[in-house]
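What follows is one structure encoded as structure tokens, with my remarks underneath.
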Amino acid sequence: MSRIETPRPIRGTQDMLGEQALRFGHVVQTFDRVRRLYGFGRVEVPVFEPTAVFARSLGETTDVVSKEMYSFEDRGGDSVTLRPEFTAGIARAYLTEGWQQHAPLKVATHGPLFRYERPQKGRYRQFHQLDAEVIGAAEPQADVELLCMADQLLRELGVADGVTLTLNTLGDGETREAWRAALVAHFEKHRGELSEDSLDRLAKNPLRILDSKDPRDRPIADAAPEIDDYLSAEAGAFFAAVTKGLDAAGVAWTRNARLVRGLDYYRHTAFEFVTDRLGAQGTVLGGGRYDGLIETLGGPVTPAVGWAAGIERLAMLIDLPAPERIEVAVVPMGEGAQALAARALADLRRAGIAADMAYKGNMKRRMQKADASGARYAVIIGDDEVARGEVSLKDMAAQTQGPVAIDALVAAIRG
RNA sequence: GCGAUCGUAGCUCAAUUGGUUAGAGCGCCGGUUUGUGGUACCGGAGGUUGCGGGUUCAAUCCCCGUCGAUCGCCCCA
């Protein structure tokens, strides 16, 4: 029978083991700890949703929807989509599960997301994010709290030094419209000097010209009107409250008046924590206030703010976490030792002592395994020990070894 | 979707301007030590050089295609 060719993993997916898995786990654990410090409850939402959940929130028009979502028909003919972000799904749940009663709702989650993109550094088709949202809070204090939490997370991960918080306001609806009109007028004036890409953007998403990388666009983008000149009094006050809160809490930030969001439902605060250590994928954590989103899902006007952070990107930035190691390695020799070894392992593990056993190889091989595992002790069990109802407990570092009755093993190790 | 670079052992990499049997380290297995690790020594297994085609007496090497990876562009909810 001829062998089939082993199926390849899907492009842009990852299999993680060892160091990579360790890094990933450390990011998630740290997030889970910090999120509790801020009173954010864990929320679980589906990995897939009706396509409308994401299509609505993204505004249907962008090619994001048509080209970059994993959408397909299920057997009933309904269009479903693997979630490309957390926010829309959580907003949907907020409406369909009656979570309005908990407003302001502070929730956090993490897990896989899917976007049909060309993989590159820190960018995958199945990727993973941390996510935190406050739904039903119009107060700038919510923005401040979220930013403090993000800042603390990055500090506790030890990456804060290479990362800066860039902050902007997109103003309220009125501000946004006025500014947008001024930008379009400005870019129209310089139509002839813009890159082809930016001419496209001018038609589809003019705000995006502001962060164009094309050198031909830079002078024009840099000379573009500032949002500050169009900020309404309320919008200005809101932004001032956020920055004041950050200053009071000791969170460093930099104004980036050109930081924008493509979608219309974003209002007021927009922010990104960026680094120059990840090539083209410099954003490590980003978010903002999306007061207009829940309406687009058919809900009542509901203020909300949140952020998400790429786990892979954070995992690349952190120092290598300490390896996980066991405390005790059980080394049985011969058939007669199996039962006693099973007993010893069970006793140790039930007592909360991490223990493992080498199954194969000669004694030397098993001792090598025990050594490589980083275990502090080896429990050696051969025919002699079995006959006496004992095991030999070896301190790996001290190279000392002595007999211990099987009943006394746990106590001996706890010392 | 576009561009550039790269695909050799499980992993990291060699292999002279195209030349005979494709090598090393690590890892794995066995042994030196039939019950003792971190070092050391000896031996062994492991390759359709991503895949398909072409040029050539001869291709890991040159050409075309394809798949994949990486980095960038576009996009970035």
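Model, not experiment: these values are computed from the prediction. Chain identifiers are assigned alphabetically (A, B, ...) following the order of the sequence lines, protein sequences preceding nucleic acid strands; residue numbering begins at 1 within each chain.
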Between A/Y124 and A/K213, which has a closest nucleotide on RNA chain B that is more 5'?
A/Y124
Just call it for A/A370: base, sugar-phosphate, or nothing, with non-hydrogen atoms closer than 4.0 Å on any strand.
nothing
Under the 3.5 Å rule, do the base of B/C75 and the side chain of A/R201 count as making a donor-acceptor pair?
no
Is there a donor-acceptor contact under 3.5 Å from the side chain of A/T275 to the main chain of A/G162?
yes
Which dot-bracket string fits RNA chain B when only Watson-Crick or G-U wobble pairs with both atom distances under 3.5 Å count, crossing pairs get [ ], and | stands for a partner on a different strand?
(((((((..((((.....[...)))).(((((.......))))).....(((((..]....))))))))))))....
Measure the distance from CG on A/D214 to C1' on B/C75 and round it to the nearest whole Å.
15 Å
Using whole Å, report how far CD of A/E117 lies from C1' of B/C71.
15 Å
Sugar-phosphate only, base, or nothing, as touched by A/R366 at under 4.0 Å among non-hydrogen atoms
nothing
Side-chain donor/acceptor of A/R83 to backbone N/O of A/F48, under 3.5 Å
no
Is it the case that the side chain of A/T166 and the backbone of A/E272 share a donor-acceptor pair, with hydrogens and angles ignored and the cut-off at 3.5 Å?
yes
Say you pick atom C1' in B/U8 and the same atom in B/A24; how far apart are they, in whole Å?
13 Å
A/L210 CG to B/C76 P, straight-line distance once rounded to whole Å
13 Å
Would you say CD of A/E295 has more than 12 non-hydrogen atoms from neighbouring residues, nucleotides or ligands within 6.0 angstrom?
yes
Contact letters for nucleotides 31-46 of chain B, in which S counts primed atoms plus P, OP1 and OP2 and B counts the base, heavy atoms under 4.0 Å:
SB--BBBB-B------
Is A/R261 near enough to B/C76 that one of its side-chain N or O atoms lies under 4.0 angstrom from OP1 or OP2?
no
What interatomic distance, in whole Å, is found between C1' of B/U60 and the corresponding atom of B/C76?
40 Å
Over 12 non-hydrogen atoms of neighbours within 6.0 angstrom of CG in A/D74
yes
Taking atom CZ of A/R376 as the centre, does the number of heavy atoms from other residues, nucleotides or ligands within less than 6.0 Å exceed 12?
no
Enumerate, atom names and distances included, each donor-acceptor pair closer than 3.5 Å involving a side-chain atom of residues 300-313 of chain A, sequence neighbours excluded.
unit_1, atom_1, unit_2, atom_2, d
A/T302, OG1, A/P300, O, 2.8
A/W307, NE1, A/L146, O, 2.9
A/E312, OE1, A/H128, N, 3.1
A/E312, OE2, A/Q14, NE2, 2.8
A/E312, OE2, A/H128, N, 3.2
A/E312, OE2, A/H128, ND1, 2.7
A/R313, NE, A/G122, O, 2.9
A/R313, NH1, A/T283, O, 2.7
A/R313, NH2, A/G122, O, 3.4

Does B/G72 have OP1 or OP2 under 4.0 Å away from a side-chain N or O of A/Q120?
yes
Taken to the nearest whole Å, CD/A/E196 to P/B/C2 is 17 Å
If you measure from the P atom in B/C26 to the same atom in B/G43, how many Å do you get, rounded?
14 Å
Using the P atom in both, what is the distance from B/C6 to B/C13, to the nearest Å?
14 Å
Side-chain donor or acceptor of A/R115 paired with backbone N/O of A/P84 under 3.5 Å
yes
Quick one: A/D211 CG to B/C74 C1', roughly how many Å, whole number?
13 Å
Please give the distance between the P atoms of B/A40 and B/U48 as a whole number of Å.
31 Å
Atom OH of A/Y38: over 12 foreign heavy atoms under 6.0 Å:
yes
Grab the CD-P distance between A/Q129 and B/C76 for me, whole Å please.
15 Å
Would you say CG of A/L320 has more than 12 non-hydrogen atoms from neighbouring residues, nucleotides or ligands within 6.0 angstrom?
yes
Find the distance A/D217:CG to B/C73:P and express it as a whole number of Å.
14 Å
Using the P atom on both, measure B/U20 against B/G31 and round to a whole Å.
37 Å
When we call it a touch if two heavy atoms are under 4.0 Å apart, what does A/F127 touch: a base, just sugar-phosphate, or nothing?
nothing
P atom, B/G3 versus B/A15: distance in rounded Å?
30 Å
Whole-Å gap separating C1' (B/C71) and CZ (A/R118)
11 Å
Between B/C61 and B/A45 - P atom distance, rounded Å
27 Å
Side chain to side chain, A/E196 and A/R216, heavy atoms closer than 4.5 Å:
yes
